[in-house]
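I have placed the structure first, in the form of structure tokens, so that the comments after it can refer back to it.
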4 protein chains.
Amino acid sequence: MNFTSDNCYGAAPEMLDALAKANAGPAASYGEDPISARLNALFAEIFEREVAVFPVISGTAANALSLSTLVPPHGAIVCHAQSHIAVDECGAVEMATHGAKLISIDRPDGKLTPGAVEAAIAPIQKGVVHHTQPSAVSITQSTEIGTVYRAEEIAAIGEVARGHGMKLHVDGARFANAVAFLKCAPADITWRAGVHAMSFGATKNGALGAEAVIFFDKSAIGDFAYRRKKSGHLLSKMRFVSAQLEAYLTDGRWLGHASRANALATQLAEGCRGIKDAEIVAPVEANAVFIRLPNSAVSRLRKAGAQFYDWMPPKDGINLIRLVTSFATPDEDVTNFISIARG
Amino acid sequence: MNFTSDNCYGAAPEMLDALAKANAGPAASYGEDPISARLNALFAEIFEREVAVFPVISGTAANALSLSTLVPPHGAIVCHAQSHIAVDECGAVEMATHGAKLISIDRPDGKLTPGAVEAAIAPIQKGVVHHTQPSAVSITQSTEIGTVYRAEEIAAIGEVARGHGMKLHVDGARFANAVAFLKCAPADITWRAGVHAMSFGATKNGALGAEAVIFFDKSAIGDFAYRRKKSGHLLSKMRFVSAQLEAYLTDGRWLGHASRANALATQLAEGCRGIKDAEIVAPVEANAVFIRLPNSAVSRLRKAGAQFYDWMPPKDGINLIRLVTSFATPDEDVTNFISIARG
Amino acid sequence: MNFTSDNCYGAAPEMLDALAKANAGPAASYGEDPISARLNALFAEIFEREVAVFPVISGTAANALSLSTLVPPHGAIVCHAQSHIAVDECGAVEMATHGAKLISIDRPDGKLTPGAVEAAIAPIQKGVVHHTQPSAVSITQSTEIGTVYRAEEIAAIGEVARGHGMKLHVDGARFANAVAFLKCAPADITWRAGVHAMSFGATKNGALGAEAVIFFDKSAIGDFAYRRKKSGHLLSKMRFVSAQLEAYLTDGRWLGHASRANALATQLAEGCRGIKDAEIVAPVEANAVFIRLPNSAVSRLRKAGAQFYDWMPPKDGINLIRLVTSFATPDEDVTNFISIARG
Amino acid sequence: MNFTSDNCYGAAPEMLDALAKANAGPAASYGEDPISARLNALFAEIFEREVAVFPVISGTAANALSLSTLVPPHGAIVCHAQSHIAVDECGAVEMATHGAKLISIDRPDGKLTPGAVEAAIAPIQKGVVHHTQPSAVSITQSTEIGTVYRAEEIAAIGEVARGHGMKLHVDGARFANAVAFLKCAPADITWRAGVHAMSFGATKNGALGAEAVIFFDKSAIGDFAYRRKKSGHLLSKMRFVSAQLEAYLTDGRWLGHASRANALATQLAEGCRGIKDAEIVAPVEANAVFIRLPNSAVSRLRKAGAQFYDWMPPKDGINLIRLVTSFATPDEDVTNFISIARG
């Protein structure tokens, strides 16, 4: 019963097949291979427009490199206080940008809003060199607490960003979970809503280690290719990363995996409703459940081997815990968890 | 007939087996998994002493991160003019160190010598803030032109480095080829010779993408773990990188692969001897052959589909080309190449 | 009537005298001159202990360089949300540290407290590479809103810092104003209270451009001298900066200037008390007055040529303005201001 | 008899007058003052075209900040092996650019040539991400060994730079000495010859600490203003730096000072001709003399109190020394030196 994170699960079977298939014979290195060459077209189909795709091997790399391309050293990036770039990447963005600043906004549902963005940058005087200048908004889709931005929410943020000359970036480490939930066109929650670039995640949803930085706006690509190389993120045998991305997008597997993970999270949440003192603290829209449970239930679960994070230190006999499901979480883990939690 | 680089060949079969095996069930992420936990002991056995091992996924990352740990922003790093860090990593070391300087020495056999290192740093006034301060020597083993440092050559450089308070770093992207050639204890050409840290490569010799930064001296580890994270090089599913390294070191496979690659290079060189106007320009000790061939031979080879790099622009009817063999280069590619080259 | 900032006033007369005197004959460059050589002893006397002194020419340089010496790239620095390093230095600290993070705490009196520091770093897991690690606390003395830390307040923060292995840094751009107010030994509010390093300002209090970075703890000096050079802050004719610092500390001028500035601020505050709807929003302890005034008074003042900053956009007919006095603010500017404000 | 460097001499009298004059009353800070506002027009007159002028306080700052504006992190800068940016600024350019690389060319007369630039960048494959890309050429005028580029020499380098899409930068720490020697229009050896930006020095020629970064091409200004602030080089009392630059350019003082320094150098060189074993090693065109003298002469000079640098370690009884004259070097120091040297 491992609910600590979706990245605790390994690779989906098609990934290993894809690696084996990609392994046939020699191929040009550093992304000049035929599989990598197919990615632009593949993503173009998914996003219904021409895009520029750059595979990398971690979400931190995808975020830091894409933001360092969009944002100058004197820039400021508005993000959520719980966002991965703000709290879980050891200041990767600050280093990659050579000193840009994150402006963190804390809001209960994990989402930024146009008003919150406006308020965050209001104190900054435009064009005044003493202040880092608002240069980008970065949102996470699905969010760090398992909620999902609607297309119109993103479009509204996109409009604010555009009005201030800021770029809009999406950390899509769990983008598949968002699309699977919304059942929308990926275009609707990206470039049609004003997104310039995104980190498109596959690792948490079945890949071994594969993410893609996608630029929707060619003018935003800048020196990304050099930054990827200069930071050690251009792999010589890139075909093996590209092969994962190709397998991921083929036959809708990415959405299939995400749908399964989402469904398990919903099942977990539903199954725990009605437990005395239990409280689901955020809408369960993707593959995470944030739930308050009494200590007694938490103790029983841990004793039974369930793994998950305390999201806050326990208080008044209640634990706020995070449960994350994945494409590979066993069904019985979910049913067992519920049954033990209910006591 | 692909002799462009050893990284044009894919993965050795045991690598895919190792990935499949590593894929069983959930595991802690970010290198807290059991496979990663076994690496220190595994490398300790290879190197006959306790070491600290940090897997990463590219040679550029291994070099830039290890050197940024060893060298302050005001440091200078002595290296060969043809070294990967000097000419093929887009200034990765300069960025990761926040502005350290490479001092490049050009010497015909691809190797630094104690005298060359001394001469390179002689103009620098110690402790004078106007000058970047000599902080590390970085050598490549086997070198960029296919030669191999002997243990005593490294020890002599190590002594110079130590005398100046400099760290000694090895770019071991093709370390296996060097060990296979020397048939020595890995310890003899690393820590026993004064090496503080190294980039231990597996990618060019059979892995999909796996290198290990190894610190022989615990006091040199510094903030490496944070630097790896901050640069996006700590993978969530690190077990898949560690599994490659484990498979690589098991049953002497790393040396087996390297021996085969070395033998093919020797065979190539031997086979081309005696061709009119042909000249092997550097001792063939590892898996690369630098050879001058007449245009006519080069044309025939290219027409027949042979792939390789011109190392210099052709001159006086002669091409200086580089041929690199790998663990997976087909035997018949070598014999075909020779036969066509001989005309 | 210029109350926009103390840095709008030029140089105190003794500064120009000192420059003229320093100008006699040739002298060794880059701080090897006799005046610079006297600074350590001079500051040692002021601080009652051996110190290491490094002159620079701006407060931003002093802060960024000292903090980049104290804090690694993966570090986090706790500071006030209104601090200069957080909002007025365009991310200088983030760049100089190569990506450290500022953790900003907003509190009404401009001061950090031990509890606030503890709360700010509580969510950070120690030794976990995903999180920037608490490495320094930076306080401003006197604060950005004109309040002054008492010795015991700093000591309490120093204790918290020490408990977490963090360094304590003081941005002392207006340090003289604090000492003049407290009438304490400079030692009491620095090293005796656990301060490791400080930016000791002279520019705002009479110099043309002169600040000193002071290390109280020799082990904290690190590579500061190289960082100063590498960032272009080691001046060839450093004697002219050192001469300003010497003149500043001689005969207690630094405290004389600050006392005068402080007294004028108090006079301003006292003079405005009792104006209908006026409200002094923070204790006037140094040389700044933050006061709410009705629009009508503000309009009259601006019409009469008074210059000052709106601290917030006007609201409900009331303006919150900032008034800063300096060593050179004319007495009559203060009396005029009061008289016009009172209407 | 101080011939160590021109920066060992203090300030010209008009500098102190200018500071005193600039000191009258309050003024807007951070370069918003009236003196700073006059600089663009003043430099425009000198250079016969609109320019953008940014005062800073050190040559290292001028070079590092201007080059970091012209050159991306993945850029390479071609410069002379003896250039200040290459050997005397502790890697300031590498840090400010976030990792760009200097390509140093050693040539005997201190000058780059079009052919040397072409040869230096020839091995770099354009658009290939593994290689830092040729982005700027930086020349020093007058050079580090006291020679002066002719207008046509710069134009020829400018043409090569333009042909490769590189910017042309001038380190003009001793620009006045070059103009005084050539008696040319400053425009002829800058923008008319293809220069995009320069570091215009005043410090070595009479200022206390004042340099100007000048952009001839508005499109090259980029984010310079932010970089200056972010690196701590925007002074609050900028008027005092601007006042120095204004005094410097007024009434042709800059050229007067430089002419005097140049003449003294010529006098030194002429006076030493004919000394047995003496050899002037580079044309004396500006204010430096590089001369080989026998040990006996050097010993006599040092005994008599003369100060200068050994440029190389003494060899075969001969010392290669550097003598630098300045606007303020006493005439009798020159005559004394000659007389003692002649023995």
Checklist outcome for this item: For B:Arg239 and A:Tyr9, the nearest pair of non-hydrogen atoms, with its separation, is NH2-C, 3.3 Å
Next on the checklist: Taking side chain as everything from C-beta outward and backbone as N, CA, C, O, which of these in A:Ala64 sits under 4.5 Å from a heavy atom of chain B? Side chain, backbone, both or neither.
Outcome noted: neither
Checklist entry - For B:Ile57 and A:Leu235, what are the C-alpha separation, side-chain angles and deciding distance, and is it a side-chain contact (heavy atoms from CB on, under 4.5 Å)? => result CA-CA 7 Å; B:Ile57 47 76; A:Leu235 272 66; 3.5 Å; yes
Checklist entry - At a heavy-atom separation under 4.5 Å, does A:Ala96 approach chain B through its side chain, its backbone, both, or neither? => result neither
Checklist outcome for this item: Honestly, the part of A:His233 sitting under 4.5 Å from a heavy atom of chain B is both
Item to check | A:Lys229 (side chain) donor-acceptor with B:Thr60 (main chain) under 3.5 angstrom | outcome: no
Next on the checklist: For A:Pro26, is there any backbone N or O sitting under 3.5 Å from a side-chain donor or acceptor partner on B:Asn2?
Outcome noted: no
Next on the checklist: Heavy-atom cut-off 4.5 Å, strictly under: side chain, backbone, both or neither for A:Asp17 against chain B?
Outcome noted: neither
Next on the checklist: Between B:His98 and A:His98, is there a side-chain heavy-atom distance shorter than 4.5 Å?
Outcome noted: yes
Checklist entry - Passes side-chain contact (heavy atoms from CB on, under 4.5 Å), A:Leu19 versus B:Leu19? Steps please. => result CA-CA 10 Å; A:Leu19 293 181; B:Leu19 294 181; 3.6 Å; yes
Item to check | Neighbourhood of chain B inside residues 203-211 of chain A, taking heavy atoms under 4.5 Å as contact | outcome: A:Thr203, A:Gly206, A:Ala207, A:Leu208
Checklist entry - So which part of B:Asp333 gets closer than 4.5 Å to some heavy atom of chain A, the side chain, the backbone, both or neither? => result neither
Item to check | Nearest heavy-atom neighbours spanning B:Asn7 and A:Ser29 | outcome: OD1-OG, 3.0 Å
Item to check | A:Phe240 CZ to B:Met15 CE distance, which is reported to the nearest 0.5 Å | outcome: 10.5 Å
Checklist entry - Where the side chain of A:Lys230 meets the backbone of B:Cys90, is there a donor-acceptor pair that is under 3.5 Å apart? => result yes
